[in-house]
Amino acid sequence: VQLVESGGALVQAGGSLRLSCATSGFPYSDYGVGWFRQAPGKERQGVGCVQFNEGITRDTYYADFTRGRFTISSVNAESTVDLQMTGVKPEDTAVYYCAAGRGYACYPDLQELDYHSWGQGTQVTVSA
């Protein structure tokens with residue numbers, strides 16, 4: 001599975017940003033695409049994920065800290081998975097990664113150990 005993130009940028013607090021994850025090469029029909037982030041000096045944490053089955057979006061889950069600010073959506077039959085960020089805060093500054101796993105990997109408290117393929121990451125910096 002190949003994943004390529006894009007869209008990272010410098011943005012002011014309160015602004016919006018859309019990250020994209022281009023995916024390809026899934027060998028199975030039941031899988032999840034998750035978004036994670038890692039801030040300097042901190043562990044990687046799950047942001048949210050979307051679950052697909054037979055090309056159809058099944059469920060979407062978000063970590064509690066997103067509190068309605070972030071939305072995950074899929075484009076072109078799951079070939080692109082976007083992370084829309086609104087009302088960004090300085091504490092959202094991090095490298096954002098998308099990752100792929102089996103469908104069961106997508107749940108509210110998503111864990112990186114359940115994801116086997118990762119993109120290279122894209123930097124998001126939020127200025128105060």
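Numbers here are sequence positions counted from 1.
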Requested in this report: Evaluate the criterion side chain to side chain donor-acceptor pair (under 3.5 Å) for residue pair Thr93 and Thr125; output intermediate values, then yes/no.
Outcome: CA-CA 5 Å; Thr93 295; Thr125 303; 5.3 Å; no

Report task. May I ask whether Leu10 and Val124 are part of the same hydrophobic cluster, defined by side-chain heavy atoms of I, L, V, M, F, W, Y residues being less than 4.5 angstrom apart, directly or through others? Result -> no

**Report entry** Glu43, CD atom: more than 12 neighbouring heavy atoms under 6.0 Å
**Finding:** no

Requested in this report: Determine, for Tyr97 and Arg44, whether the Lys NZ or Arg CZ falls below 6.0 Å from the six-membered ring centre while staying within 45 degrees of the axis.
Outcome: yes

Requested in this report: Quick one: pull up CZ in Arg102 and CD in Gln51 and give me the separation to the nearest 0.5 Å.
Outcome: 11.0 Å

Query raised in the report: Hey, does the side chain of Thr122 reach the backbone of Gly8 with a donor-acceptor pair shorter than 3.5 angstrom?
Result: yes

Report task. Considering non-hydrogen atoms only, spot the tightest contact between Ala13 and Ala128 and give its length. Result -> CB-CA, 4.3 Å

Query raised in the report: Is the backbone of Gln120 close enough, under 3.5 Å, to the side chain of Glu5 for a donor and an acceptor to pair up by distance?
Result: yes

Report summary line: For Tyr107, the side-chain hydrogen bond (donor to acceptor under 3.5 Å, both in side chains) test, sequence neighbours excluded, returns Asp114

**Report entry** Listed partners of Val88 passing side chain to side chain contact (heavy atoms under 4.5 Å, CB included), at least two apart
**Finding:** Val11, Met85, Asp92, Val126

Query raised in the report: If you look at every heavy atom in Thr66 and Phe70, which pair is closest and at what distance?
Result: CG2-CD1, 3.5 Å

Query raised in the report: With a 4.5 Å limit on heavy-atom distance, are the side chains of Cys98 and Tyr115 in contact?
Result: no

Requested in this report: Is it possible for you to say whether Leu3 and Tyr96 belong to one hydrophobic cluster, with membership spreading through side-chain heavy-atom contacts below 4.5 Å?
Outcome: yes

Query - Side-chain donor or acceptor of Ser29 paired with backbone N/O of Asn53 under 3.5 Å - result: no

**Report entry** Side chain to side chain, Leu19 and Gln84, heavy atoms closer than 4.5 Å
**Finding:** no

Report task. Treating Ile, Leu, Val, Met, Phe, Trp and Tyr as nodes and any side-chain heavy-atom pair under 4.5 angstrom as an edge, say whether Tyr61 and Tyr31 lie in one connected cluster. Result -> no

Report summary line: On a heavy-atom basis, the closest approach of Asp82 and Ser20 is OD1-OG, 2.7 Å

Query - Gln45 side chain near Glu112 side chain, heavy-atom distance below 4.5 Å - result: no

Query raised in the report: So do the side chains of Phe52 and Phe26 get within less than 4.5 Å of each other, counting heavy atoms only?
Result: no

Query raised in the report: Is there a side-chain contact between Asp59 and Val50, using heavy atoms and a 4.5 Å cut-off?
Result: no

Query raised in the report: Nearest heavy-atom pair of Leu110 and Val47: which atoms, and what distance?
Result: CD2-N, 4.1 Å

Query raised in the report: What is the distance from atom OH of Tyr62 to atom CH2 of Trp35, rounded to the nearest 0.5 Å?
Result: 12.0 Å

Query raised in the report: Can you name the nearest heavy-atom pair linking Gly121 to Val95, along with the distance?
Result: CA-CG1, 3.9 Å

Report summary line: Of all heavy-atom pairs linking Ile72 and Cys49, the shortest is CD1-N, 3.2 Å

Query raised in the report: If you count the non-hydrogen atoms of other residues, nucleotides and ligands that lie under 6.0 Å from CD in Gln12, is the total more than 12?
Result: no

Query raised in the report: Do Arg18 and Ser73 come close enough that some side-chain heavy atom pair is under 4.5 Å?
Result: yes

Query raised in the report: Using the benzene-type ring in the case of Trp, are the ring centres of Phe36 and Trp118 under 6.0 Å apart?
Result: yes

